[in-house]
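Worksheet: the structure to be examined is printed underneath.
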Amino acid sequence: IDKGMCQNSSTKHLKLLKKIINLAVANSYISFNPFATYKVEREAVEIDFLDEEELRRIINFDTPLPRLEKARDMFLFGTGLSYIDVKTLTTAHFEKDQNGRIWIKKRRIKTGVLSRIPLLPMAKMILEKYKGGDKLLPIQDPADINKYLKDIAILCNINKRITYHTSRHTFAST
């Protein structure tokens with residue numbers, strides 16, 4: 001309460017503390033785990049994603065502000081990849097199959113699991129738009145993207161909390 005954390009945030013920290021205490025017991029730094037019988041539980045969280053109409057509003061959103069345009073484009077890149085995976089994306093991660101379709105083939109940074117994701121027409125257009133820059137995509141700091149996406153949601157009359165991560169859920173649901 002003093003730190004303003006919700007249930008799931010405090011659960012995450014308590015799980016980490018339990019792991020550290022278990023290591024301390026395993027290495028004989030302490031004799032027993034005072035948290036051995038304590039169970040931490042997460043609250044169920046409803047995952048936000050955009051429906052087709054809301055997604056269409058963002059697609060059609062036009063702005064003279066480059067920061068909002070880039071945030072919108074990063075959201076619409078919508079490959080289902082996480083922020084860090086998009087940030088580290090290079091042309092070496094693209095491959096063409098025997099039917100001429102382009103796929104992103106990349107190991108996920110967080111898990112090391114190989115992902116194979118079709119490059120959708122919208123993502124192709126965005127890549128083409130930023131072609132020739134010093135980076136494949138002009139991805140901003142995640143906090144900035146989320147702040148700009150909040151502004152875009154307001155301007156598009158979308159009454160949901162939109163973050164970069166929402167793009168992943170929207171990609172999965174559409």
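Computed from a prediction, not measured in an experiment: that's the story for all the values here.
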Discussion item. Test side-chain hydrogen bond (donor to acceptor under 3.5 Å, both in side chains) on Lys106 and Thr88; report intermediate values, then the result.
Written reply: CA-CA 10 Å; Lys106 182 179 192 317; Thr88 58; 2.9 Å; yes
Practice prompt. Test side chain to side chain contact (heavy atoms under 4.5 Å, CB included) on Ile58 and Ile162 and set out the steps.
Written response: CA-CA 11 Å; Ile58 290 182; Ile162 299 176; 4.0 Å; yes
Item to complete: Determine, stepwise, if the pair Phe77 / Leu89 fulfils side chain to side chain contact (heavy atoms under 4.5 Å, CB included).
Response: CA-CA 12 Å; Phe77 185 69; Leu89 195 63; 3.9 Å; yes
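Contacts of Asp97 classified as salt bridge (charged side-chain N to carboxylate O under 4.0 Å, His left out), with partners at least two apart in sequence or in another chain: Arg101. Under the rule for a ring-ring contact (aromatic ring centres under 6.0 Å, His included), His93 has no partner lying at least two apart in sequence or in another chain. By the salt bridge (charged side-chain N to carboxylate O under 4.0 Å, His left out) test, Asp144 pairs with Lys147, sequence neighbours left out.
Here the side chains of Ile21 and Pro34 are in contact, with some heavy-atom distance below 4.5 Å. With a 4.5 Å cut-off on side-chain heavy atoms, Tyr148 and Thr63 do not count as touching. Thr166 has its side chain out of reach of Leu149: every pair of non-hydrogen atoms, C-beta onward, lies at least 4.5 Å apart. By the 4.5 Å heavy-atom criterion applied to side chains, Ile126 and Met74 are counted as neighbours. Between Lys3 and His13 the shortest side-chain heavy-atom distance does not fall below 4.5 Å. Counting heavy atoms from C-beta on, the side chains of Tyr130 and Lys70 come closer than 4.5 Å. When side chains are defined from C-beta on, Leu155 does not count as touching Ile152, because their heavy atoms never get closer than 4.5 Å. A 4.5 Å side-chain heavy-atom check between Glu54 and Cys156 finds every atom pair outside the cut-off.
Lys160 NZ: more than 12 foreign heavy atoms inside a 6.0 Å radius. Enclosure of atom NZ in Lys18 by more than 12 non-hydrogen atoms of other residues, nucleotides or ligands within 6.0 angstrom is indicated. Annotation for Lys15: atom NZ does not count as buried by contact number, only 12 or fewer foreign heavy atoms lying within 6.0 Å. Other residues, nucleotides and ligands place more than 12 heavy atoms under 6.0 Å from the NZ atom of Lys124. Enclosure of atom CG in Asp2 is not indicated, since only 12 or fewer non-hydrogen atoms of other residues, nucleotides or ligands lie within 6.0 angstrom. For Phe49, the CZ atom sits in a loose shell: 12 or fewer heavy atoms of surrounding residues, nucleotides or ligands are nearer than 6.0 Å.
Between Pro66 and Pro64 the shortest heavy-atom distance is CD-O, 3.2 Å. In this structure, Ser167 and Phe75 approach most closely via the heavy-atom pair OG-O, 2.8 Å. Considering all non-hydrogen atoms of both residues, Met122 and Leu76 come closest at CG-O, 3.4 Å. Residues Ile145 and Ala71 come closest through the heavy atom pair O-CB, 4.3 Å. Summarising the geometry of Trp103 relative to Pro118, their closest heavy-atom pair is CE3-N, 3.4 Å, with the distance given to 0.1 Å.
Electrostatic pairing of Glu53 and Arg57 counts as a salt bridge here, judged by a charged N lying under 4.0 Å from a carboxylate O.
With rounding to the nearest 0.5 Å, the separation of CG in Leu114 from CZ in Arg108 is 11.0 Å. Asn22 contributes atom CG, which lies 8.5 Å from atom CD1 of Ile30 (distance to the nearest 0.5 angstrom). Note that the CG atom of Leu119 and the CZ atom of Phe94 stand 5.5 Å from one another [nearest 0.5 Å]. Here the straight-line distance linking atom CG of Asp73 with atom CG of Leu68 works out to 11.0 Å at 0.5 Å rounding. To the nearest 0.5 Å, atoms CG (Leu50) and OG1 (Thr170) are separated by 4.0 Å. Rounding to the nearest 0.5 angstrom, the gap separating the NZ atom in Lys105 from the CD1 atom in Ile117 is 13.0 Å.
A donor-acceptor contact shorter than 3.5 Å is absent between the side chain of Asn146 and the backbone of Thr163. Of the possible donor and acceptor atoms, one in the side chain of Gln7 sits under 3.5 Å from a partner among the backbone N and O of Glu41.
Follow the hydrophobic side-chain contacts under 4.5 Å out from Leu65 and you reach Ile59 in the same cluster. Note: the hydrophobic cluster containing Ile104 does not contain Ile84 (ILVMFWY, side chain heavy atoms under 4.5 Å, direct or indirect links). Tracing side-chain contacts under 4.5 Å through hydrophobic residues (I, L, V, M, F, W, Y), one reaches Phe171 starting from Ile102; they form part of the same cluster.
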